[in-house]
Amino acid sequence: MKTPFISAKELETITDTYPTPFHLYDEKGIREKARAVNKAFAWNKGFKEYFAVKATPTPAILKILQEENCGVDCATEVELLMSHKLGFTDIMFSSNDTPAREFQYAKKIGATINLDAYEHIAFLKEVAGLPDTISLRYNPGGVFALGTDIMDNPNESKFGMTKEQLLKGIQELKAQGVKHFGVHSFLASNTVTNDYYPELARQLFELAVEIQEKTGVAIDFVNLSGGIGVNYLPSQEANDIAVIGEGVHRAFDDVLVPAGLGEVKIFTELGRFMLAPHGLLVTKVLHRKQTYRTYIGVDASAVNLMRPAMYDAYHHITNMSNPNGKLETVDVVGSLCENNDKFAKQRELPEARVGDILVIHDTGAHGFSMGYQYNGRLRSAEILYQEDGTARLIRRAEIPEDYFATIEGFDFD
Ligand SMILES: *Cc1c(COP(=O)(O)O)cnc(C)c1O
């Protein structure tokens, strides 16, 4: 079972004030998660979590993470701009297919550039000049497996550079005056296992030793990127970040320390793991419909949470108003004119009556941020459930004027 972070009664005080649908975030849970991550890697002096902004690009959330000593990982100029305005100084820029002006801006605000491609070395030098510190993104090719479990196919991934390119790149950058180097790799997404980071870390640590042997460069930092997942399914066991941190520690002691690289800093760029469980999409039942199936029509749709439509992803649903209702098998659907606009298919849920409040779990990352405006459905509000139990609006819902604001040549006043 999954228990929402807020009681039905407390949620009612919020839905009395703010119309559904909205995303609700749990400040306490976010802070505890950030502290757990920092604690799991406290053995490493230079450890830093650079939160992946794309997961939840909401200033009030980023501020909480900043207070918990996190930096940010950005992929675009707008994410950089927001992070810079929020006063972040630890900024990673892990972009790909990057426009010139975004490299220029990243360099200007002092972000650490994480180069996706060997070819970008010459491009960066030409458009922005080379910084003192640079990171390179590694793609080992082949398949990434944990034991017999194939996790992903790096050979099909557009990201990163080959080992040959990486070694050559470091030699060239060093010759051109770059002083500090890092390596980065992201080989599997949403892993629900405590073994992913330790295995990735071991491979990157071995790469760091090889870099030292072949180029004489002592790597400054190893960036394990994102990819630690969450238990969207109630039957899955949640990752244990303390166990993961210890696994990375063991690989560090086995590989880096004997090579004289015990000063290497560990960085992470977690998005999903930091935020997903600490967000709920709150929605109200508008209609029941009976044809060949029973449909529960809610006021949220795929524009508020795209993962079920896009990846057929499971998100747990709790009926806050009727938790002990008679079980029935239903499809929970939004209003978009697309049949993939379903939050649940043939799911057994307590009877959902018109007006009931449902919460869709684990929407704190890659939820609001993947939103869009198909069918003229507008982006919802975001609300922070604060540690003191009060609710704060941190982003208002869009209104039709927002939708029309970019249109040229027509007047909708
Ligand atoms: C998306 C992304 C992340 C975050 O991934 P999660 O799976 O949300 O942890 C981190 N780094 C980079 C470069 C990414 O593209």
Side-chain angles (χ1 to χ4, degrees), residues 25 30 33-34 36-37 40-41 47-58 61-62 65 70-80 83 88 90-98 102-103 106 111-117 120 134-140 144 151-152 154 156-161 182-194 196-197 200-201 204 221-232 236 238-239 241 244-245 248 266-279 305-307 310-311 313 315 362-370:
Y25 301 95
I30 296 167
K33 182 63 57 69
V37 169
F41 289 91
F47 175 76
K48 191 84 168 172
E49 151 68 3
Y50 292 80
F51 176 69
V53 171
K54 72 164 189 252
T56 322
T58 305
I61 302 291
L62 299 179
L65 293 169
C70 298
V72 278
D73 171 49
C74 301
T76 61
E77 187 176 5
V78 170
E79 291 181 355
L80 286 170
S83 301
F88 280 97
D90 290 303
I91 303 177
M92 192 64 63
F93 185 49
S94 300
S95 64
N96 72 97
D97 189 23
T98 314
E102 303 202 350
F103 273 142
T112 301
I113 292 172
N114 183 24
L115 282 181
D116 178 67
H120 290 184
I134 212 153
S135 173
L136 293 93
R137 183 165 184 168
Y138 175 48
N139 180 337
F144 182 79
M151 307 295 285
D152 221 322
E156 293 172 9
S157 161
K158 70 169 179 169
F159 302 109
M161 59 188 90
V183 288
H184 166 281
S185 200
F186 190 159
L187 299 185
S189 193
N190 190 29
T191 59
V192 189
T193 159
N194 293 327
Y196 169 64
Y197 255 14
L200 172 70
L204 289 178
F221 57 88
V222 168
N223 186 341
L224 301 175
S225 189
I228 298 190
V230 298
N231 51 328
Y232 289 105
Q236 288 173 310
N239 287 325
I241 196 66
I244 292 170
V248 175
I266 306 294
F267 295 162
T268 56
E269 298 173 342
L270 297 169
R272 191 187 312 273
F273 183 74
M274 301 298 285
L275 251 298
H278 311 300
L305 177 69
M306 197 185 198
R307 299 187 70 259
M310 190 169 175
Y311 308 120
H315 279 264
D362 301 313
T363 60
H366 310 292
F368 179 92
S369 65
M370 290 178 86

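Values in this document were obtained by computation on a predicted structure and should not be read as measured data. Just follow the structure's listing: the first ligand is 1, and inside any ligand the first atom is 1.
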For Y232, which residues count as a ring pair (Phe, Tyr, Trp, His ring centres under 6.0 Å) partner, sequence neighbours excluded? H315
Close side-chain approach of N239 to V230, heavy-atom, < 4.5 Å: no
Between S94 and E269, a side-chain donor and acceptor under 3.5 Å: yes
Is any side-chain heavy atom of N223 closer than 4.5 Å to a side-chain heavy atom of T112? no
Pairwise, report which nitrogen or oxygen atoms of ligand 1 are under 3.5 angstrom from protein nitrogen or oxygen atoms, and how far apart they are.
unit_1, atom_1, unit_2, atom_2, d
ligand 1, 7 (O), G227, N, 3.4
ligand 1, 8 (O), R272, N, 2.8
ligand 1, 8 (O), H366, NE2, 2.8
ligand 1, 9 (O), G227, N, 3.2
ligand 1, 9 (O), G271, N, 3.0
ligand 1, 11 (N), D73, OD2, 3.4
ligand 1, 11 (N), S225, OG, 3.2
ligand 1, 11 (N), E269, OE1, 2.7
ligand 1, 15 (O), K54, NZ, 2.7

Side-chain heavy atoms of F368 within contact of T56, under 4.5 Å: no
Answer whether the closest heavy-atom distance between the side chains of Y197 and I266 falls below 4.5 Å. no
